[in-house]
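Letters A, B, ... mirror the listed sequences (proteins, then strands); counts begin at 1. Fair warning: this is a prediction, and the values are worked out from it, not measured in the lab.
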2 protein chains.
Amino acid sequence: MDTDKVFKALGDPTRRRLLDLLCDKNGQTLGQLCENLDMARQSATQHLGILEEANLVSTVRRGREKLHFINPVPLHEVYERWVRKFERQRLSLLHDLKKELEGE
Amino acid sequence: MDTDKVFKALGDPTRRRLLDLLCDKNGQTLGQLCENLDMARQSATQHLGILEEANLVSTVRRGREKLHFINPVPLHEVYERWVRKFERQRLSLLHDLKKELEGE
DNA sequence: CAGATATGCAGGTAAATACCTGCATGTCAA
DNA sequence: TTGACATGCAGGTATTTACCTGCATATCTG
């Protein structure tokens with residue numbers, strides 16, 4: 001997994017909205033997704049391309065349409081390899097501050 | 001929590017590195033963090049400012065030094081409100097594809 | 001086939017971003 | 001107090017990014 005691509009992809013509100021839309025109804029076409037976006041179709045295409053690059057979205061062509069499917073795996077991996085690392089520490093800001101100010 | 005600030009902050013590899021460094025040893029000074037970064041001190045200051053804006057890092061001054069502490073709460077909230085939403089769906093790409101191609 | 005529909009592709013631009021240099025300020029320690 | 005040290009602040013620049021418009025291609029439908 002390319003961690004950087006995933007985080008960069010999630011760093012834009014439009015792309016998070018796209019994932020939300022796909023979460024509500026998976027397998028939507030580009031046109032359907034655009035109806036909820038308030039920007040040119042071509043812009044949405046670029047965002048979807050970035051999500052696809054990050055492997056957060058997969059696509060299949062059906063005739064002249066392109067169907068978009070959300071892929072939750074990278075999100076789970078981000079959580080497993082990244083978020084939990086910090087949670088595991090059970091870092092208490094106040095506790096650390098106290099120790100630090102007391103000269104450890 | 002400002003979700004956008006958190007995701008934007010996490011979208012840069014230098015800032016993720018800073019969080020990693022603080023995870024290894026909490027409460028480091030700006031100078032200490034810079035030793036591991038290979039960029040000008042002033043650039044690191046900007047990155048740390050963005051992390052602080054996103055509430056991912058808190059700081060305390062001790063004399064002429066500034067101590068940096070990681071705050072795991074926004075990461076946990078990102079997970080709770082965002083990542084789990086997609087996991088909960090138990091989205092199976094192949095399953096969805098099959099349904100879609102069969103005309104639902 | 002012809003027209004409508006869905007998407008792809010090629011630039012172009014304004015704003016945001018990630019760096020930098022130079023200098024100022026504040027704190028410690030002899 | 002004075003010099004060393006840690007950080008703050010003010011720009012400047014090159015790259016990236018998020019939009020756009022215009023046109024091309026492919027597919028369905030009558």
>> Can you pull out the residues from residues 40-51 of chain A that lie within a 4.0 Å heavy-atom distance of DNA chain D?
In response: A:A40, A:Q42, A:S43, A:Q46, A:H47

> From B:R61 CZ over to B:L67 CG, what is the distance, rounded to the nearest 0.5 angstrom?
Replying inline: 9.5 Å

> What is the distance, rounded to the nearest whole Å, between atom CD of A:E65 and atom P of C:dT5?
Replying inline: 13 Å

> Taking CD from A:Q28 and C1' from C:dT7, how many angstroms apart are they, rounded to a whole number?
Replying inline: 16 Å

> Does anyone know the first and last nucleotide of DNA chain D in reach of chain B, 5' to 3', at under 4.0 angstrom to a heavy atom?
Replying inline: D:dA4 to D:dC9

>> Rounded to whole Å, please give me the gap between CD in A:E35 and C1' in C:dA6.
In response: 12 Å

> Quick one: does B:N71's side chain have a donor or acceptor within less than 3.5 Å of a partner on B:V57's backbone?
Replying inline: no

Could you tabulate the donor-acceptor pairs under 3.5 Å formed by side-chain atoms of residues 43-50 of chain B, not counting sequence neighbours?
from  : atom 1 : to    : atom 2 : distance (Å)
B:T45 : OG1    : B:R41 : O      : 3.1
B:H47 : ND1    : B:R15 : NH1    : 3.0

> For A:E65, what residues pass the side chain to side chain contact (heavy atoms under 4.5 Å, CB included) criterion, not counting sequence neighbours?
Replying inline: A:T29, A:R62

>> A:E52: which residues meet the side chain to side chain donor-acceptor pair (under 3.5 Å) condition with it, sequence neighbours left out?
In response: A:T59

> So do B:T14 and B:L37 actually touch side chain to side chain, heavy atoms under 4.5 Å?
Replying inline: yes

> Could you give all pairs that pass the ring-ring contact (aromatic ring centres under 6.0 Å, His included) test and reach residues 15-40 of chain B, with sequence neighbours left out?
Replying inline: none

> So, B:Q28 side chain and B:L21 main chain: donor-acceptor pair closer than 3.5 Å or not?
Replying inline: yes

Let me check something: any side-chain donor-acceptor pairs from residues 1-9 of chain B under 3.5 Å, sequence neighbours excluded? List them with distances.
from : atom 1 : to    : atom 2 : distance (Å)
B:D2 : OD1    : B:D4  : N      : 3.1
B:D2 : OD1    : B:K5  : N      : 3.1
B:D4 : OD1    : A:R16 : NH2    : 2.9
B:D4 : OD2    : B:K8  : NZ     : 3.2
B:K5 : NZ     : B:E53 : OE1    : 2.8

> Rounded to the nearest 0.5 Å, how far does NZ of A:K25 lie from CG of A:L33?
Replying inline: 9.5 Å

> Rounded to whole angstroms, how far apart are CG on B:D4 and P on C:dA16?
Replying inline: 13 Å

>> Does any part of the side chain of B:V60, heavy atoms only, come nearer than 4.5 Å to the side chain of B:K66, both counted from C-beta?
In response: no

>> Can you measure B:L67 atom CG to C:dT27 atom P for me and round it to whole angstrom units?
In response: 14 Å

List every contact pair, protein side and nucleotides 28-30 of chain C side both N or O, where the distance is under 3.5 Å.
none

> Could you give the angle between the helix axes at the two ends of the helix from C:dC1-D:dG30 to C:dA30-D:dT1, with five pairs per end, rounded to 10 degrees?
Replying inline: 30°

> Does A:R64 have any side chain to side chain contact (heavy atoms under 4.5 Å, CB included) partners at least two apart in sequence or in another chain, and if so, which?
Replying inline: none

> Going only through I, L, V, M, F, W and Y residues with side-chain contacts under 4.5 Å, is there a path from A:V73 to A:V78?
Replying inline: no

> About how many Å separate SG of B:C23 and CG of B:L18, when rounded to the nearest 0.5 Å?
Replying inline: 12.5 Å

> Rounded to the nearest Å, what distance is computed from the CE atom of residue A:M39 to the P atom of nucleotide C:dA15?
Replying inline: 16 Å

> Does the side chain of A:L56 come within less than 4.5 Å of A:I70's, by heavy atoms?
Replying inline: no

> Going from CG on B:L75 to CG on B:L10, what distance comes out if it is rounded to the nearest 0.5 angstrom?
Replying inline: 5.5 Å

> Among residues 7-14 of chain B, which contact DNA chain D at a heavy-atom distance under 4.0 Å?
Replying inline: none

